[in-house]
Amino acid sequence: MDNPASDFVRDIVAADTASGKHELIVTHFTPEPNGCRHIGHGKSICLNFSIALENKGRCHLRFDDTNPATEETEYVEAIKNDVRWLGFDWGEHLHYASDYFEPLYGYAVELIKRDKAYVCTLDSEQFKEYRGVPTRPGKESPSRNRPIEESLDLFERMKNGEFDEGQYVVRAKIDMNSPNLHMRDPVLYRIRKMAHHRTGDKWCIYPMYDFTHCLSDSIEGITHSICTLEFEVHRPLYDWILDSLEVYHPQQIEFARLNLTYTVMSKRRLLELVQGGLVSGWDDPRMPTLAGLRRRGYTPSAIREFCARVGVTKVNSLTDIALLEFCIREELNRTAPRAMAVLEPLKLIIDNYPEDQVDELDGINNPEDPAMGTRKVPFTRELFIEQDDFRAEPPPKFHRLSPGREVRLRYGYIIKCVGHDTDEAGRVTAVHCTYDPATRGGTAPDGRKIKGTIHWVSAVQSAEVEVRLYDRLFTREKLDDLEAGDDFKNYLNPDSLKTVKARVEAWLIQAGQGSRYQFERKGYFCVDPVDSTDGKPVFNQIVPLRDSWARLNKPQ
RNA sequence: UGCCGGAUGGUGUAAUGGUAGCACAACAGAUUCUGGAUCUGUUUGUCUAGGUUCGAAUCCUAGUCUGGCAACCA
């Protein structure tokens, strides 16, 4: 990092450090363990952990597990794994809101004692009716003036399981006329006769988010409670609870969540894709989930770089997924070893090359990093080249192989096309060439310029592997502005996955799971960690190389 | 039609009363044994209307557009 990041959140933190308001900066990431984390959460993880790191503070990982109906332990491990994978460490500070159920109960009792909360008898139907609507004030619950002692007694009996679900709730006593719905005597505790993933059946009352979150922050000594914009309207309640209890008061700061073009980020939609079988699972390499990106081959550092580049503001925005692709290309261009792989093979026969001869040519492993050395690439009479690299009738500006023309085989020889075979349907089945023995290694002694260089593999000394080519999951850039009744699934890209049998340099079948390569002229690929087996790797395309030839031919 | 936010190129973001800058994208050229990478250049922007000021993206007034909020979810 040459330039430390700066944004309005970091400005606040810096000001609070400078003024001496805080000695130690404490931030947090507080997921609910009820679903899969996506790159939007990644932005939040990076923001919170990075701010802590930059200030030599700490960042807590706290599971906001106050709703036993929706939360599961399996997500806890998955989320811990995602955070660690991104490269962050919460140290000693793994917490659970459920760790605070006891003190939280005490705080609720205290609030009732201070006449700032009461036990309410309204059922959820009546509750809605009494709450009113944004444009109309609500009205006070008949329970509002229940004597403190009576509320205290009822609350204790709620805890003891004497009542049914929904029979009673604890509500804050704030203001039924508030223009902010969240301040109209919000529910603090409800009865849920349900086992919790950590506390079992110890409790049958569970605190609500608004009550839990601010007090957990307070208990943990969080200095800056960073969350997304939709919690902005909750901030008055966050402040009210802490002020009413006169406890340590962290500052809640809201920022805009990440949105990406050509994908969806809401839990509901992601779930729909998974449950509908439209993707192979939460970790489908086309998914914007951290598990999907990881399996696709994205590196944690590229995702961190991306999160740093998108910035932090309060503006609702839609970030071009091209920026994410740029970040992974930039990194992999520096680090990924090169290899030759022919994705859609076409037989090429060097007519004047001896049948049984093998020439070991030198391939450069990474032109961006000479320290990565060279490797031997076997050259034989029969090769495979890319179908796209031959045209019987070349379009303008095509500088690959076509009848009568010369092209260079990468690291090999300059060859000249002398003919091609076709089947009954007129499809090209093989291309015939002659090679120029004086051009071994690719340079012409007479200095003649060869515009095109194509990649290839030996037909006999190469391996067949499965390669999965991915494209954007959706054909539509923006999926949040659909007309009513229009389903986002109508815009799924039918070509988002294409599986091919490719021919690759033989050594690649030893490639370890998760290893990444640049297939020259094609893109960056990663050995799929799920479907690969020993000696039988499956390659996921992480991202294609930029392709100005393809762009040139794309209809505007 | 209530409350809380937000409006800077195609996209994401800087500039906190003093030259509207950066990145991605797009386009053009140079270079290249990857139509990659690299290098150079170009196009495109302060929501509107008034006002304050020598000077406004920035301050004031009015308007326009836009996001969020009405789970005993988080």
Side-chain angles (χ1 to χ4, degrees), chain A residues 3 6-7 30-32 34-35 64-67 69-71 97 120 122-124 127-128 131-138 165-171 178-184 186-192 205-206 208-210 212-213 227-236 254 256 258 261 267 309-327 329-330 333-334 338 340 364 367-368 397-400 407-412 414 439 441-444 450-455 477 480 518-523 544-552:
Chain A
N3 271 327
S6 175
D7 52 65
T30 54
E32 184 188 12
N34 72 343
D64 240 328
D65 54 352
T66 58
N67 186 355
T70 58
E71 294 148 8
C120 181
L122 256 32
D123 64 34
S124 59
F127 180 89
K128 253 185 205 168
R131 185 187 41 218
V133 291
T135 48
R136 290 258 175 281
E165 284 191 12
Q167 207 175 334
Y168 290 106
V169 291
V170 175
R171 299 177 68 177
S178 171
N180 182 343
L181 280 294
H182 297 278
M183 297 298 270
R184 318 243 263 230
V187 172
L188 266 24
Y189 261 94
R190 78 287 214 190
I191 299 170
R192 276 275 173 285
I205 53 170
Y206 292 95
M208 298 290 290
Y209 164 83
D210 286 304
T212 308
H213 199 82
C227 61
T228 44
L229 246 32
E230 67 269 28
F231 291 100
E232 209 157 15
V233 283
H234 293 243
R235 182 161 18 100
E254 311 86 12
L258 173 71
T261 55
K267 189 194 151 199
R309 280 176 181 257
V310 293
V312 181
T313 64
K314 299 186 76 135
V315 187
N316 276 295
S317 58
L318 180 64
T319 298
D320 192 342
I321 199 164
L323 183 63
L324 214 210
E325 295 174 343
F326 166 82
C327 290
R329 281 195 192 105
E330 186 190 44
N333 177 49
R334 282 190 325 249
R338 270 52 169 177
M340 290 200 283
I364 295 166
E368 305 291 321
K397 289 187 180 170
F398 183 84
H399 22 102
R400 303 177 185 179
V407 82
R408 174 166 38 235
L409 292 173
R410 181 81 162 146
Y411 307 126
I414 294 171
T439 59
T443 40
I450 303 296
K451 254 190 265 174
T453 299
I454 63 174
H455 62 280
E477 194 174 48
D480 282 329
Q518 185 199 97
F519 291 170
E520 293 208 39
R521 302 209 306 134
K522 283 291 158 188
L545 250 33
R546 291 181 76 217
D547 187 348
S548 55
W549 169 244
R551 236 182 301 138
L552 193 68

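Given the structure is predicted, the values throughout are model-derived calculations rather than measurements. Chain letters run A, B, ... following the sequence lines, proteins first, then strands; residues in each count from 1.
Comparing B:C59 with B:G10, their C1' atoms sit 31 Å apart, to the nearest whole Å. Using C1' as the reference atom, B:U66 and B:A26 are 27 Å apart when rounded to the nearest Å. For the C1' atoms, the distance from B:G21 to B:U16 is 15 Å, rounded to whole Å. For the C1' atoms, the distance from B:A14 to B:A57 is 11 Å, rounded to whole Å. Rounded to whole Å, the separation between the P atoms of B:A62 and B:G2 comes to 15 Å.
For A:N34 (side chain) and A:E71 (main-chain N/O), no donor-acceptor pair under 3.5 Å exists by modelled atom type. For A:S178 (side chain) and A:N180 (main-chain N/O), a donor-acceptor pair under 3.5 Å exists by modelled atom type.
Counting to the nearest Å, the C1' atom of B:G35 and the NZ atom of A:K522 are 11 Å from each other. Between A:K314 atom NZ and B:G5 atom P there is a gap of 7 Å when expressed in whole angstrom units. Between the CG atom of A:D210 and the P atom of B:A70 there is a distance of 11 Å, given to the nearest Å. Between A:E232 atom CD and B:G2 atom P the separation is 19 Å, expressed in whole Å. If you measure from atom CZ of A:R184 to atom C1' of B:C3, you get 9 Å, rounded to the nearest angstrom. We find that OH of A:Y189 is positioned 18 Å from C1' of B:A71, with the value rounded to whole Å. A straight line from CZ of A:R551 to P of B:G36 spans 7 Å, rounded to a whole angstrom.
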Any protein N or O atoms within reach of nucleotides 22-24 of chain B? Criterion: under 3.5 Å, listing atom names and distances.
from	atom 1	to	atom 2	distance (Å)
B:A23	O2'	A:R309	NH1	2.7

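The A:M208 side chain lies nearest to B:A74 when the options are B:G12, B:U34, B:A74. Of the candidate nucleotides B:U34, B:A37, B:A74, B:A37 has the atom lying nearest to any side-chain atom of A:E368. Closest to the A:T319 side chain, of the nucleotides B:G68, B:G5, B:G12, is B:G12.
Within the 4.5 Å cutoff, the side chain of A:M208 has no heavy atoms near those of the A:P186 side chain. Counting heavy atoms from C-beta on, the side chains of A:V170 and A:V187 never come closer than 4.5 Å. A heavy-atom distance below 4.5 Å is found between the side chains of A:F127 and A:R131.
The only option from A:R410, A:R338, A:R521 that meets the side chain to side chain donor-acceptor pair (under 3.5 Å) definition with A:H455 turns out to be A:R521.
Taking the 5.5 Å centre cut-off and the 30° plane limit, the aromatic side chain of A:Y209 is not classed as stacked on B:A74.
A:R329 contributes no side-chain N or O that forms a donor-acceptor pair with the base of B:G36 under 3.5 Å. Contact of A:E477 with B:G10 (side chain to base): no donor-acceptor pair of N or O atoms is detected under 3.5 Å.
At least one side-chain nitrogen or oxygen of A:R546 sits closer than 4.0 Å to the OP1 or OP2 atom of B:A26.
The glycosidic torsion of B:A62 lies more than 90° away from 0, which places this base in the anti conformation.
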